[in-house]
Structures are given as C-alpha cells and as structure tokens.
**Q** 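One structure is given below, represented as structure tokens, and several questions about it will come after.
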Amino acid sequence: QNHSAADIDIDINTNMSESTPSHEMLPVPTALHSVLTNIATELSQSNNNTVVIPIEQCYNNTDATLLPYISAKCVTSPIPFPPFDASIMDGFCIRLNDNDDGDVENRNGAVAGQGVYEVTGSSLAQAVHVLPKEEACSARIATANTSEARYVATGAAIPPGFNTVIPIEQIQITIRDNRTGIILDNSSIALLAAIQSTDHAVTMQIIGENNYINKIKKNQWIRRAGCDLPINSVLVEAGEVIGPVQIGLLVQSGIRELHVRSVPKVGVLSTGDELRCISSSSSSSSSSPSRASYTNGLEYGQIYDVNRPALLALMRQFGAEAIDLGCAADQRDSLLVKIRQGLKDCDVLITSGGVSMGELDLLEDVLVGLFGATVHFGRIHMKPGKPTTFLTCRIDYDDASMTTTTTITKKKRTRFVFALPGNPVSAMVCSHLFLRPAVELLRRGGNICSSEGASSSSLSSVQDIVQNALVHPEIDAVLESNVMLDVERPEYHRVSLRWDASTGKFMARSTGVQRSSRLMSMNGAQGLMCLPQGVPGEKMSCKAGETWPVLLIDGPYCGVGKLLRWKDSRHATGRIFDNLLTSSSSPPTTNSKKKAPKVPLKVGIISIDGCSASMADLEKRVLSSLDTAVIVYAQTSSDQDVVSSLQNSSNGADDAELIVIIANGGFKRDSQLSAALSEVLEKKADALALQIRQGAAAQHGLAGLFEVVVGRVNGKMIIFLPEAGFEGGLKKVYGRVIFHAIMIGKGKTYQHKHREGGSKSRWA
C-alpha cells in the first residue's frame, strides 16, 4: 500500500520489506534518460513555476550565492534603439534635399554658394529642451530650411528636419557680435554659449580637404532610430540565462519586470551512524584525550560528514537553492523524520549512504514502504557509483503543511529522489552525471534555449523536453599515461586537462588512484574521461597516446564545449565511442577473432501526424528492424512540412544517412504524400521499394496496398512506408543491404564478395 508523506503515524516496523531489493544494472545513458523523462513528464503537466521580479533584482541582489535567473517567457523590445536618430560624431547637422546626394555649394538655400550655414541651435546628449533662440526658428525647422545648421554632440538626438552630420573637423566657425557687427575671436567665447545667446550670430562653413564638400551623403554619421535594435526584437528567449548582456538589453529597452523560473530547491541529507557534523563550535566528545587529539575531535570509528557540505556547494554551483537537511542515523524513525521534511520542502531530495546491500542500508525500504516511492533504477553499470538509486514520490501538499485534512484542497506534486552512494567520489561523480542535467532541466522548465542563443519555444511533449534537455559538454583528449581498465564496469576516470598548442589537442592526465573513497581524485579534476570496460585477453588498459571522450565538469575549459542538448550528446545518447570506432582506442569486443566493428547506420525518423505509436516506440522498433543502427534524430511532422523540409534540406537531419518516414493517415492521404515525395526525390530505387513493400505486406496484408517510396535526396536515402507492417518492410532489407545502397547512392563503389575481380555496382 502506498502512503502519502503525511500518513506516517503507522507502525513502521510492520510496513518495511524484509528482503534486500534487487535491481537490474542499467547503462548510464539509459539511467539518465529515465531521470530526464520523469522530470519532463512533470514539467509537461505543470510548467508554471514562475515568479515576477523587478529588473533590479537581477543585478542589485546582495546574496552572493544567487546564480543568474532563467527567463520564463520570451521578452521583446517595446521600443526601438536608439529611440531617435542619433549623431555618431561631434559636429553640425544640416539638411540635404530629398533629391540631393552632394554638391552642397549649388544646393538651394546654401549661403553665398560656399557651403555656409547659419547655426540656429544645438542638440546635446540629454533630454531635449527648446531654447529661446531655437523656439524662434521652430517654423523654419518644420519646413527644413536648408540654410540652417545645428551643433550636435556624439549620441545626441538629430533635430527634426535634419538628415546629415558634418564632423567638426571639417568645419570653420565664425562668431559675430550682433550689436557691433564685429567678428569675435573664437577663443574669447564658448561655442555653445554663443549659439544660445541672442547677442551673437554663429555661422559655419564646410572646408574639408580633397573636395570633401562634394562627397557628403544623406544620413552620414547618423545612427537611424532602431538600427541597433528594431522594435519587437527578441531580447531574451524563454529558458535563457539572464546574464550581464541580457540585463543590459532589458534595461536598454525599459523592461522593469521580468518573469523568471523559480529556483529549484534541492535538499541534501547524509545518513550513517559513523558520521559527525563539523562546525566551528564543535569540540571533542571523546573520553580519550590522546585519541581525540590524534583524530582531531573524532571518536574511534567516526568520520566527518563530507558529502553533505560538498554536495550543498555543488548544488549551488548547478543553480539550485541548496537546503541542508542535516544527518540521519541508520534508524528508520530518524530517516522517516528527515525524509518527510525533505519531501515537504524540496523539489529534489539527495541522500548519501544507505543504498548498498548491508543490513543497515534502509533508505530504499523507507522511501518505498512508507512514502510510496517508485524506484526507476537501483544499480548502474558504471564506476564509481554502482548503487545509485533514483526514485519518484507523488505527494499531497499545501502551502501550510503536509497534514491530510478534508478542509484543505490538496495538490499532487512529484518529488525526485537521488539516493547516492556514501563514498564521496561516487556521490560527486553521480551528481555531475545525473543531478546537473536534472537541476538544469528544472531551472529552465519546458523552455530550452541553446547556448548559442537560437530561438526556442515552449516544449509541451515529454519527448521534446528530453531531446532538448541540456547535458555536459564533451571533448576528446589524449591520455598522457597508461590507465588500467576495470573488468566489471566502464569507468568515469577523473582527469586534469591541458591544451597542447603544438598538436591542437587536449591532453588528459589521471588524478591518481581512483578509489571511490579517495576524494583527492576529484581535486584538480576538470573532466570525467569515459573509459570502456576491460576485457581479459583483449584490452585491459588504455595506452598513452590514445584518444578518449571527456565530460567537462570544471576548470577553464568548461567554456570550450558549451552545454549540449541531449539529442546532440554522444554520451547521453549512448554514442560516446562512435567517432573512435576505427581508431586504435576502440572499445573492446568479446569476439576472439577481433573483427572490425560495424559502423552504425545513422538513422533519422519522421513520424507523420496520425501515427498511433509513440515516438519512443517507433525508435525502438526501427532499431530492432535494422542492423547496427543509431537514431540521430526523431521528429513528428505534417505532410506539407516533411516535403518542404526534404526539398530545402531543412529538417535538421544533417547527420542522418537514412531517413525513415512512417505514415498512418489513410489510403488517400498517404497516396498523395507518396506521390509528393516521389516528385522530390533526385533518384528513385524502385527495386528496393518493391522488396520493402513485400516485407511489409507479409507482416500486415493491407500494407501491400500502400505505395512504398525509396530514393535519394540531398545525399540521404529516404524510405517512406506505412506504420502497419513497417518492421517487416525494414527487415526485408535487413543486414547491410541498406548500408550498401547508401554507399552507392553517395557515389562510392563497392565490390560484392562473390565477385572476385568482377564489375562494380553503382546505385545512382
């Protein structure tokens, strides 16, 4: 029976499992996909965890631990920038007639035919105030009299009617006393004072060298209104980090309030009777002074609680609000109290310790037996961190308490629980692998904006949210020394990195002994090098000079590879060794003959609107129907969009070699789509289409009525077939038939094994 977190007034000893839980050991990519899918499911149902803050809070908050906010909505500029025509130079603005592009001397309104202008006012970089002398000229300004000029400062607004700025370096100024008619020495009176005074007349003449006067153009040295930022320009995308540049753009556009994502709350709880919390006020409780002195205040058998302080700091680094839940003893009532508090106050609960196979490892039993938690995985095929467990718990909650009543309206909320191993390295490595993407997804919600700033929209489907979730940046690095492999599990080896300018490659150095208890192996670690499981008799070590993938976790190189979307990550999608398959550092195989591994076929899937199966189901079935394939992208599309994307090569399938299009829209609609696709193809492969059609019909009789289309477009092979029977169709050409067809379609020749010295085939 499942219980809410409030219903814990039962006899806990009668509601616990007496058996040790047993779990299938999952690969890391599968486990990570499970984490992201569960969070995405919650976000797709309730993605409104937003708050409104004043813009000042983004830059004037005194909390030094506060990370940048995440925008919850797309923000556009309500005004252009600059909001007016502005001068780029200090100088004088004049007006050129609409049909004039030069020759100021011969322009109507020029004084004495020598490019001489009466200076009637000024414009400074400030709010515009009309001066007495300017007010008298307002009528002339309205008609844009071409004999007038205005002094303008850099950044100042161009007065109405004027359309060109002459730099002050190209000008000669004359100041005349109106009372005496005497021309004054320019050094005896300030220019602005003379312009603003009614007692003086100021003229300016264009005197630039090299016939400058005839090179003057309209709008020269003027920034037009909106030239930097047109009105309604996107300032911040939904899901984008509000950094210094974004703050500047928002303030520049007069945005005073901002919708941001609520910061996820992550509670951290340590478990274990052997743990002692450290604080500045703690003192030894040991009865043996000599022993207390030797152990720095610890009783014999005790250790300081390392995980909780380290994980709290790491969660803040990831962008979460970290909540210290203290330490729980290895007793069910102690665990119950702490877990109840964590589920009440936090979106995510992290525990460390209590998830191995010992008699006092009670954590999973408490979570499942008393809180109704669902275990999604409990063992991971990795080193370190094998016992890592991920659970979800649906709780009833309200703002005041978690006590069940009939008078308070309850809401359902999913809490995410990560039960990490007790060894500190295991806890930190697993936090990087699972907690960082989880916190990032909770921070951004269903709105994901790429690190390159590409526009994004709200993602409603679970699949879309997962595919666009952000995960670790990845690089490849060359080992500087030999590293032994573990024969039981693949390893995330802690390494420091340096850039070798002479080779243009990253070099990786092991941080030393990699025991999960040795926290020093994390000290100076800038990446987790992904190493395969060792195979006795084949590959038991990685040699110096070999290249292996590295997930960046810290240090100056984190900016080299920005956060990746899940769908683009080799590690997250299980393709971490793809680009190394043909190198000397290839992952080992168990084939004693050491055959060269098959290069996976890169497949894209397009599900046409109307298909009954989910995309996840289609991906699974396509992979089971093809030989050595990997899905590089999957999307749902309409009839019109898929045709248009294939024509324009805009479907985002740059890496795909084969695109499988699956439809279930009825005979008439699918026939129209097959005809449209046939028109798009550069070359059809009717023989291959016939084989696929026969295979589909063998699985589902009605599939024989469907027009299968196979051919090439934009360098990719296209297969269009019905949802009913598509597995049988693909299996009809199972093996390397499709692979060979693709190679030939690319213009590459191949020779059949049974044709020694025979002719070569070509599909083109």
**Q** Are Ile207 and Tyr212 close enough that some pair of their side-chain heavy atoms sits under 4.5 Å apart?
**A** no

**Q** Taking the inter-plane angle between the rings of His472 and His432 on a 0 to 90° scale, is it parallel (under 30°), tilted (30 to 60°) or perpendicular (over 60°)?
**A** tilted

**Q** Counting the benzene-type ring for Trp, do Tyr117 and Phe92 have ring centres under 6.0 Å apart?
**A** no

**Q** Is it true that a side-chain atom of Ser44 and a backbone atom of Val462 form a donor plus acceptor pair closer than 3.5 Å?
**A**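 Checked: no pair found.
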
**Q** Just checking, is any N or O donor in the side chain of Ser431 or Arg436 under 3.5 Å from an acceptor N or O on the other one?
**A**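 Ser431 vs Arg436: no donor-acceptor pair found between side chains.
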
**Q** Check whether any side-chain heavy atom of Val478 sits under 4.5 Å from a side-chain heavy atom of Thr503, and report yes or no.
**A** no

**Q** If you look only at distance, which donor and acceptor atoms sit under 3.5 Å apart when one is on a side chain in residues 164-176 and the other is two or more places apart or in another chain?
**A**
from, atom 1, to, atom 2, distance (Å)
Thr164, OG1, Lys217, O, 3.2
Arg176, NH1, Gly181, O, 3.1

**Q** Quick check: closest heavy atoms across Leu564 and Pro473, and the distance to 0.1 Å?
**A**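 Closest heavy-atom pair between Leu564 and Pro473: CG-CA, 4.3 Å.
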
**Q** Considering residues at least two apart in sequence or located in another chain, which fulfil the side-chain hydrogen bond (donor to acceptor under 3.5 Å, both in side chains) criterion with Gln246?
**A**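 Result, side-chain hydrogen bond (donor to acceptor under 3.5 Å, both in side chains) vs Gln246: Glu240.
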
**Q** Pick from Arg443, Gln57, His259: which one makes a side-chain hydrogen bond (donor to acceptor under 3.5 Å, both in side chains) with Tyr69?
**A**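 Considering Arg443, Gln57, His259, a side-chain hydrogen bond (donor to acceptor under 3.5 Å, both in side chains) with Tyr69 is found only for Gln57.
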
**Q** Tell me, do Met204 and Val202 make a side-chain contact under 4.5 Å, heavy atoms counted?
**A**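 Met204 vs Val202: side chains apart.
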
**Q** Suppose we screen for side-chain hydrogen bond (donor to acceptor under 3.5 Å, both in side chains). Which residues come up paired with Gln252, at least two apart in sequence or across chains?
**A** none

**Q** Out of Ile242, Val251, Leu250, which residue meets the side-chain contact (heavy atoms from CB on, under 4.5 Å) rule with Cys58?
**A**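 Running side-chain contact (heavy atoms from CB on, under 4.5 Å) over Ile242, Val251, Leu250 with Cys58 returns exactly one hit, Ile242.
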
**Q** Flag yes if more than 12 heavy atoms outside Arg509 fall under 6.0 Å of its CZ atom; otherwise flag no.
**A** no

**Q** Taking the side chain as every heavy atom from C-beta outward, state whether Val439 and Gln317 have any atom pair closer than 4.5 Å.
**A**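 No, every pair of side-chain atoms sits at 4.5 Å or beyond.
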
**Q** So which atom in Ala40 and which in Ile465 form the shortest heavy-atom distance, rounded to 0.1 Å?
**A**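 Ala40 and Ile465 have their closest heavy atoms at CB-CG2, 3.6 Å.
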
